[in-house]
Amino acid sequence: MAREFQRGHKARISDLTTGTDLYVGVQISAPGLTFDISCFGLDADERLSDDRYFVFFNQPKSPEESIQLLGAQAGDTESFRVTLDKIPPQIQKLSFTATIDGAGQMSQISPGYVRIVAGGEEVARYAFNGSEFSTERAVMLGDFYLKDVWRFAAVGQGFDGGLDALLRNFGGEVADEETPAAPQQAQQPQAGAAPGFAPPAQATAPPAFGAPAAAAPAPAPAPAPAPAAQGFAPPQGATPPPPAPAPAPSVHAQPTIVAPMTPPGGTPPPPAPAPAPYGQPGQQAPYGQTPAPTAPPPPGYGQPPAPQAPVPPPGYGGQPTPPPGYGQPTPPPGYGQQAPYGQVPGQQAPYGAPQGAPQGAPQGAAPQGPGVAAALQQFKETPTGQRWTQQNKKLVRVDLGIGGHPVLARQGSMVLYQGKVDFSYKGAGFAGRVVGNATGQEMQLMRCTGQGQVFLAENSTMLHPIELQGDGICVSAENVLAFDESLQYEVRRIEGHGIPGGALFTMQFTGTGTIVVKTHGTPVVLPVTPTTFADCNAVVAWSAASQVVVSSQVRMRRNAYPGDTGESVNLQFRGAPGNFIVVQPYEI
């Protein structure tokens, strides 16, 4: 009986079967979509250091034939033959992926699976469906990886880019599209008995490692002597695959555009003289005579500044003195003045409110003055009419009357509430406590229900409400303050080598709702690139579509002496453009 895997589950291959000659079948489909299913042979750094181990439709096998592309058979969209004892030692991981050829997204796919067959019997199956993905165009389905012994992991990790972006993510290079060559004669099955790795054409016993063939009512007629399509080469007369899209240019390679500068005196040059009326020639100076300037040049261009007339005293001539700034816009806050509390720098005050008055202050109230009310005016509550409102950098308010569902918050994080609010204990259950204690991702939560507003804070840490709209984010349980109960969350394992326990853990939140993340200090948000590394004690959160790998730099000789760098374990992030990480200036 096949063992059913869930996303994130792992097992030794030896626990599934004693054989090393395996059949890997992938079934994935969607209305109107076509898929490219490939296998990446990666080194110890999870990089495609040798392009010959990228097995796909244009390269159907590795040099020693330890990885072979078999094509569609036995109900599978694509299939592979993997001979573990033939894989060279520099290949430490096999990643099986599926990408959409053309437009579309992974949320459109029908229920599919990845299965392993050994000795004619299915020993493992990982099932997936489109509800697990959103706008991704590629998915990393499963991995064979070498960790003292070969193991299998059900990954199910979405990837925003296509096949070329996935290839670059693994360190490969996307070559220009060439004219496809004719199918190789070496891939043509010989007449007579079918080769050992192909599914049988007749109703005969399946091969020792192959997938069990479906029972047929009658044997199929023998095929024509023309070479059959193997799934990895285009048939004769078929339209060649479209060329790979050119990679987007790097923003760092774009030229810098310099804005025009004003003259040294600060006054822009005068406008050109108005043209002469239609039908009349323009006035020109006589020959040999310098034309008279139409306007005096600005100060600093070959002449001293023109003397200015004395300013008349206030009220001279019976005219009232205009107020400061009359006739010109008020400069934004930041140019010699500070924006009032609650107002965005550079944003003008609401219509009818005096400039410089705090937001929410009554008409005519002075921004400063004697008395307690005037001194505390800047700390007044900020009403917004939204469910989640950030009162300041370290205090957040949630309105339970908006949205209609409870809020889960860290126990003891309530500092103030208004209205009728009930607080109850939110237990994790026996299994949840066991998982939390084992992984360090246990959260002591309380449920907030009722009609009212609850103010949340903890240890003066900075708070950041993040709204999820069907996407996901990974956050350590230590950095979660509160979230909507409508969100789904689970413990996610980060595989690593050379660290205690062999792995790290985090919490993954998905769905629709808001999560409040807390940090020590102002964090920085960086885009994910193939060379993005972060300290595992300083990283706060990252996008759920990012691939995370533990990078260990432990050296016995280096750690045996004083002067160790203290940067032995880092997290390496990989992903398509649009993924991000959040790092705080503090190590827990």
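The structure displayed is predicted, hence computed values, not measured ones.
With respect to R3 and D15, no salt bridge is recorded, no charged nitrogen being found less than 4.0 Å from a carboxylate O. We find that K86 and E64 are not joined by a salt bridge, their nearest charged nitrogen and carboxylate oxygen being 4.0 Å or further apart. The pair R387-D484 counts as a salt bridge, with a side-chain nitrogen and a carboxylate oxygen less than 4.0 angstrom apart.
W542 and F573 have their aromatic ring centers within a separation under 6.0 angstrom.
Listed by chain and residue number, nothing satisfies the ring-ring contact (aromatic ring centres under 6.0 Å, His included) test with F35 (two or more places apart in sequence, or in another chain). Taking D399 as the reference, nothing meets the salt bridge (Lys or Arg N to Asp or Glu O under 4.0 Å) condition, with sequence neighbours excluded. The salt bridge (Lys or Arg N to Asp or Glu O under 4.0 Å) check on R47 picks up nothing, with sequence neighbours excluded. Looking at residues two or more places apart in sequence or on another chain, you find a side-chain contact (heavy atoms from CB on, under 4.5 Å) between N579 and D160, V528, S543, A545, S546, A576.
Between F54 and F40, the ring planes are parallel. Angles under 30° get that label, and only those over 60° would be called perpendicular.
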- Under the ring pair (Phe, Tyr, Trp, His ring centres under 6.0 Å) rule, what do Y489 and F483 come out as? Steps first, then yes or no, please. CA-CA 10 Å; Y489 58 97; F483 55 93; 5.3 Å; yes
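Between the side chains of Q105 and S107, at least one donor N or O lies within less than 3.5 Å of an accepting N or O. No hydrogens or angles considered: nothing links the side chains of Q6 and E4 as a donor-acceptor pair under 3.5 Å. With hydrogens and angles left out, the side-chain atoms of S131 and N129 include a donor and acceptor closer than 3.5 Å.
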Side chains of residues 505-515: which donor-acceptor partners sit under 3.5 Å, not counting sequence neighbours?
{"residue": "T506", "atom": "OG1", "partner": "V475", "partner atom": "O", "Å": "3.2"}
{"residue": "Q508", "atom": "OE1", "partner": "R492", "partner atom": "NH1", "Å": "3.4"}

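For residues 97-126, the set of pairs meeting the ring pair (Phe, Tyr, Trp, His ring centres under 6.0 Å) definition, not counting sequence neighbours, comprises Y126-F128.
Within the model, atoms CD1 of I67 and CZ of F144 stand 10.0 Å from one another, a figure rounded to the nearest 0.5 Å.
Distance alone, capped at 3.5 Å, places no donor-acceptor pair between the T83 side chain and the D85 backbone.
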